[in-house]
Amino acid sequence: MTIPPSLVQYQWPPSTAEIAARVGLPPSSILRFDGNVPPVPPASARPQAIAGALADINEYDRGRYFELRQAIANYHQLPLDYVVLGAGSDELIVLCARTFAANGAVATVPAISYSMYRFAAGMAGAEMVADPLSADLVYVCRPNNPTGELPDVPSVPGQLVIDEAYADYAQVDALEWIDRGAIVLRTFSKAFGLAGARVGYALALPPLAAVLSSRLAPLSVSSLSATLALAALASPPNVTEQIGERERLAGELRSRGLVALPSHTNFLYIPMDNPEDFVASLLPAGIVVRAFAGAVRISVRDEIDDNALLAALDAVRVGEVATDDLVRHRRITGETRMDVRLRLRGSGRVYVDTGSGLYDHFLTQLAFHSGIDLRIVGVGDHETGDHHTVEDLMRAFGDALNLALGERRGLVRYGEARVPMDEALAHAVVDLSGRPVSQLSISPDPGMATHGLESFAQTAKLTLHVTASGENAHHVAEGAFKAVGRALAMALQIDGNEIRSTKGSL
Ligand code: PMP
């Protein structure tokens, strides 16, 4: 038996655990700006969504994910037989090379593009050529990774494959090229936030789609992944906020002398000398960006994470390692998942979205009035009411605050506030005591205010006294949450460097 020579492999960046070990930080402190994926999963990715698929996990899907293919076809207003599913669009990139360029020639547009095309060509025994006109297969990366530009689709004699992994961010597509024989590739990994699920698809005229299907393993996507993709398609992503954040980050970087090329994606490409040095300078702060030849590429995450990157840049500039106090915490139960980011010394930038509108609003008020930065994105099992979601939201917030407080050194420790909310009046007293104690009288309670604050006091390990009363339950609870926020703001003030307890610890 002769073993064929192995090929040069696609270079995966090191894992978060490896980077954390290298720089001596906990993995939760590592922020990856090198993956071009959203900072949190979509709300549709929750255990309940895959419960049905899990119950049938012993079976093959003999319909080859008919429902998902139909939903994709509907999404693009194309007939069903235009759709070919793959385990990520990477699988389809390789498939295209093997199908159309075996031992032939492959080109990319633009010339500097996604490195996977080169590896795919290698797997097909093809060589890379510079001139798209002399290639059997041309990958057009639109918009392009890593530069972020939006290239024109060229007219070429070879097979066109238009990779639209980031098209959601560009808000334009090249689907009209399908009728002219092009294959368009899409993925659930980017704007849809399902990179780990590995689902991509090709769109092509039916005879071409049939050629691709016939060269694929029959069922390379798992039923769990197909189910997640189907659930995500039911509420397609709104990228407006991401695009706004991209432009904000580009502006902030520009004001620091880092000028990115115009981007049609969720990342910024910044030409510079010594990109490796730039990457290395941010690593000690747990910030991971990616170096290319003569440039770095920075994924856009969201405001709270991107500010951590900017803080790290500013610290490097003055020769320090950033000591950003951003705390990341994830709480997962059978019913809920909460992703919390919290910065103690913030400016009241708060975003809470768990789908439980009222308590998201109350916690937003609490955090805002305490002056912290807080971002919580959660998904919960609302079918049985708000109970689990609100409890886990408040527990997750308390966990993160407790982490952020550390040994509670230098804090004033006590805080008190009285807050009116129209006819209602609330009084809160906080002691960052390290002991979970709550004495709460919130009347009338709109449902979960008392239990929510009690859960928070437990996990934040603090003593909390609240009395709030009035006529309108919403006003009473809102007053209570605001009063807790104001009291916290006072208790969180810095006052020397002591642990404010005669015992020496809190
Ligand atoms: N195309 C481009 C341009 C990409 O940047 C990526 C991901 N890095 C992919 C395709 C692969 O995506 P998937 O997760 O669907 O394999």
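Atoms within each ligand, like the ligands themselves, are counted from 1 in listed order.
- Of all the atoms in ligand 1, the ones that sit under 4.0 Å from a non-hydrogen atom of Ser189 are 13 (P), 14 (O), 15 (O).
- Closest to atom 7 (C) of ligand 1 by heavy atom, among Lys190, Met116, Arg142, is Lys190.
- In terms of protein heavy-atom proximity, atom 1 (N) of ligand 1 is closest to Asp163 OD2, 2.6 Å.
- Within the structure, ligand 1 lacks Asn36 among the residues with a heavy atom less than 4.0 angstrom away.
- Within ligand 1, the atoms closer than 4.0 Å to a non-hydrogen atom of Cys141 are 3 (C), numbered from 1 in the order shown.
- Taking every heavy atom of Asn145 and a limit of under 4.0 angstrom, the matching atoms of ligand 1 come to 3 (C), 4 (C), 5 (O).
- Aromatic pair Tyr201/His76: ring centres closer than 6.0 Å.
- At least one heavy atom of Gly88 sits less than 4.0 Å from an atom of ligand 1.
- Shown in contact with Arg198 at under 4.0 Å from a heavy atom are these atoms of ligand 1, numbered in order with element: 13 (P), 14 (O), 16 (O).
- The single protein non-hydrogen atom nearest to atom 11 (C) of ligand 1 is Asp90 OD1, 3.1 Å, given as residue, atom name and distance.
- Ion pairing of Asp168 with Lys190 is absent here, as no side-chain N (NZ or NE/NH1/NH2) approaches a carboxylate O to less than 4.0 Å.
- For Gln159 (side chain) and Gly181 (main-chain N/O), a donor-acceptor pair under 3.5 Å exists by modelled atom type.
- Neither the backbone nor the side chain of Glu91 comes within contact range of ligand 1; no heavy atom lies under 4.0 Å.
- Using a cutoff of 4.0 Å between basic side-chain nitrogens and carboxylate oxygens, Asp305 and Arg328 are scored as salt-bridged.
- Taking the charged nitrogens against the carboxylate oxygens, Glu252 and Arg256 do have a contact shorter than 4.0 Å, which makes a salt bridge.
- In Tyr166, the part holding a heavy atom less than 4.0 Å from any atom of ligand 1 is the side chain.
- Distances below 4.0 Å separate heavy atoms of Thr187 from the following atoms of ligand 1: 13 (P), 14 (O), 15 (O).
- A salt bridge is absent between Arg297 and Asp34: the closest approach of a Lys/Arg side-chain nitrogen to an acidic carboxylate oxygen does not fall below 4.0 angstrom.
- When heavy-atom distances to ligand 1 are checked against a 4.0 Å cut-off, Ser89 comes that close through both its backbone and its side chain.
- The pair Asp373-Arg345 does not count as a salt bridge, with every side-chain nitrogen at least 4.0 angstrom from each carboxylate oxygen.
- Outside the 6.0 Å centre-distance limit, the rings of Tyr139 and Tyr114 are not counted as a close aromatic pair.
- With salt bridges taken as basic N to acidic carboxylate O contacts below 4.0 Å, none links Arg142 and Asp163.
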